[in-house]
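The structure appears below as structure tokens.
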Amino acid sequence: MTDDEWVPLRLELERWRLAGRQARLWLRDDDAIEPTEELESLLRITRQSSVPLTIAVIPAFTGEALATRLSLEDHALVAVHGWSHANHAGPDEKKQELGRHRQAQVVLAELRDGLVALERLYGPTLIPMLVPPWNRISEELVPQLSAQGFDMLSVFGKAKAGSPMRLLNTHVDVVNTRRQRGDRPHGDLVAELVAQLQARFDSDDEAVGILTHHLVHGASEWEFLTRLFAETMHHPGAVWMSARDLLS
């Protein structure tokens, strides 16, 4: 990574500063189950940088150990990451847990059980947000989520207008693209983030969500996040916000 790779972000944030505005950023991390060294790394760098964190927890496989650990972190919120992160799609389909491969009532019952389980474990640290595994959910399920106790939905990509649920999406995946999984060039990630910021400069209607997967991060991902936080946390043209504040 070279310093030049970060110049486009600095220039874009300076544009926001000169306009007297702040670009809103938020951070979502997926697939947590239990305390791990990788989770400790994520908690440490976000805490040190004062970056609010939303952790999508898989209800079927988590328990008291993770809840106890996260209770010590006042900057971390918890969301519901499906039920078991199981793929029910066929071999020629994209992976899905919340698709049309099972009866809707079965899927919704699992989601309700997951929300109840995490409410018991996390109390007020839990936000009633559903994060579908692989960021995919059948459109027919979305209007029925509120009846299961969910207030919001978080997937990947620009929020669709007219959604029956409040959306708080992610837009830059630190790990995955269609072309590469892991070790993404930092210049590419910076360019994606800048493009998202530029699209919001005239109408800042949606915070930019950064998506991470702590369990599969290597040195490149940790280096990128550490540098991203250093570039943004004290910049007057940007502000990191919690999911709760963004949806309040």
Side-chain angles (χ1 to χ4, degrees), residues 26-36 39 52-71 73 76-90 93-157 159-170 206-207 209 211-215 242-248:
W26 80 286
L27 180 65
R28 192 190 96 200
D29 182 85
D30 288 1
D31 302 341
I33 297 174
E34 61 188 357
T36 62
L39 181 62
L53 170 65
T54 297
I55 301 176
V57 175
I58 303 172
F61 302 120
T62 195
E64 296 286 349
L66 182 60
T68 299
R69 176 63 190 88
L70 293 183
S71 69
E73 302 290 342
L77 298 173
V78 169
V80 182
H81 200 26
W83 168 245
S84 64
H85 213 298
N87 176 32
H88 298 283
E93 299 177 279
K94 293 181 178 180
K95 293 180 178 180
Q96 296 182 67
E97 180 176 49
L98 310 181
R100 298 180 178 179
H101 308 88
R102 299 178 295 158
Q103 292 184 347
Q105 62 187 24
V106 173
V107 179
L108 291 168
E110 287 183 349
L111 293 176
R112 182 173 61 252
D113 289 346
L115 178 62
V116 170
L118 295 190
E119 284 177 336
R120 178 182 60 81
L121 285 168
Y122 292 99
T125 301
L126 178 76
I127 53 176
M129 171 191 285
L130 174 64
V131 178
W134 299 287
N135 290 294
R136 300 185 183 113
I137 183 171
S138 170
E139 290 185 1
E140 69 179 22
L141 293 176
V142 177
Q144 304 179 68
L145 293 176
S146 60
Q148 314 310 317
F150 293 97
D151 287 344
M152 59 199 82
L153 176 67
S154 180
V155 290
F156 188 85
K160 295 182 179 179
S163 172
M165 291 287 292
R166 291 192 296 172
L167 296 174
L168 183 58
N169 287 357
T170 56
E206 185 180 11
L211 175 58
T212 62
H213 299 77
H214 66 275
L215 289 173
S242 75
R244 179 169 284 152
D245 288 342
L246 283 167
L247 290 163
S248 62

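As the structure is a computational prediction, the values presented were derived from the model and not from experiment.
- In this structure, the salt bridge (charged side-chain N to carboxylate O under 4.0 Å, His left out) partners of Lys160, at least two apart in sequence or on a different chain, are Glu139.
- Taking the side-chain hydrogen bond (donor to acceptor under 3.5 Å, both in side chains) definition, one finds that Arg244 meets it with nothing, sequence neighbours left out.
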>> Could you walk me through whether Phe150 and Met165 satisfy the side chain to side chain contact (heavy atoms under 4.5 Å, CB included) test, starting with their C-alpha distance in whole Å, then the side-chain angles of each, then the deciding distance to 0.1 Å, before giving a yes or no?
In response: CA-CA 9 Å; Phe150 293 97; Met165 291 287 292; 4.0 Å; yes
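- Contact record, Ala104 with Gln144: CB-NE2, 4.5 Å, taken as the closest heavy-atom pair.
- With values rounded to the nearest 0.5 angstrom, Leu70 atom CG is found 11.5 Å from Leu126 atom CG.
- Note that CG of Leu167 and CD of Glu206 are 8.0 Å apart. Values are rounded to the nearest 0.5 Å.
- Proximity of Val131 to Val80: side-chain heavy atoms (C-beta onward) are nowhere separated by under 4.5 Å.
- In plain terms, the two heavy atoms of Pro128 and Gly149 that are nearest each other are CB-O, 3.6 Å.
- Residues satisfying the salt bridge (charged side-chain N to carboxylate O under 4.0 Å, His left out) criterion with Asp29, sequence neighbours excluded, are absent altogether.
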>> Please determine whether side chain to side chain contact (heavy atoms under 4.5 Å, CB included) holds for the pair His213 and Asp30, giving the CA-CA distance in whole Å, both sets of side-chain angles, and the decisive distance to 0.1 Å.
In response: CA-CA 5 Å; His213 299 77; Asp30 288 1; 3.8 Å; yes
Under 3.5 Å, sequence neighbours excluded: what are the donor-acceptor pairs made by side chains of residues 114-125?
none

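- When all heavy atoms of Arg136 and Lys95 are compared, the pair lying nearest together is NH1-O, 2.8 Å.
- Looking at Thr170 and Leu27, their side chains never come closer than 4.5 Å, going by heavy atoms from C-beta outward.
- Side-chain contact between Arg166 and Asp151 is present, with at least one heavy-atom pair separated by less than 4.5 Å.
- The two atoms that bring Pro132 and Ser154 nearest to each other are CD-O, 3.2 Å, heavy atoms only.
- Counting heavy atoms from C-beta on, the side chains of Val57 and Ile33 never come closer than 4.5 Å.
- Once rounded to the nearest 0.5 Å, the distance linking CG of Leu66 with CG of Leu39 reads 6.5 Å.
- A donor-acceptor contact closer than 3.5 angstrom links the side chains of Ser84 and Glu97.
- Side-chain atoms of His81 and Asp31, non-hydrogen and from C-beta on, do get closer than 4.5 Å to each other.
- For the residue pair Leu141 and Gly99, the shortest heavy atom distance occurs at CD1-O, 4.4 Å.
- Residues Arg28 and Thr54 bring no donor and acceptor atom of their side chains to less than 3.5 Å of each other.
- The main-chain N or O of Ile58 is never found under 3.5 Å from a side-chain atom of Thr62 such that the two would form a donor-acceptor pair.
- Of the inter-residue distances, the one linking Asp113 atom CG with Gln148 atom CD reads 9.5 Å to the nearest 0.5 angstrom.
- Summarising the geometry, atom CG belonging to Leu247 is positioned 4.5 Å from atom CG belonging to Leu168; distances are rounded to the nearest 0.5 Å.
- The shortest side-chain heavy-atom distance between Leu130 and Leu98 falls under the 4.5 Å cut-off.
- Scanning for side-chain hydrogen bond (donor to acceptor under 3.5 Å, both in side chains) contacts around Glu110 gives Arg102, with sequence neighbours left out.
- At a threshold of 4.5 Å between non-hydrogen side-chain atoms, the residues His101 and Val107 do not count as touching.
- With rounding to the nearest 0.5 Å, the separation of CG in Leu145 from CG in Leu108 is 6.5 Å.
- In terms of the salt bridge (charged side-chain N to carboxylate O under 4.0 Å, His left out) criterion, Arg112 has no residue partners (sequence neighbours excluded).
- Of all heavy-atom pairs spanning Trp83 and Leu111, the tightest one is N-CD2, 4.4 Å.
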> side chain to side chain contact (heavy atoms under 4.5 Å, CB included) between Ile127 and Val78: does it pass, once the steps are laid out?
Replying inline: CA-CA 6 Å; Ile127 53 176; Val78 169; over 6 Å; no
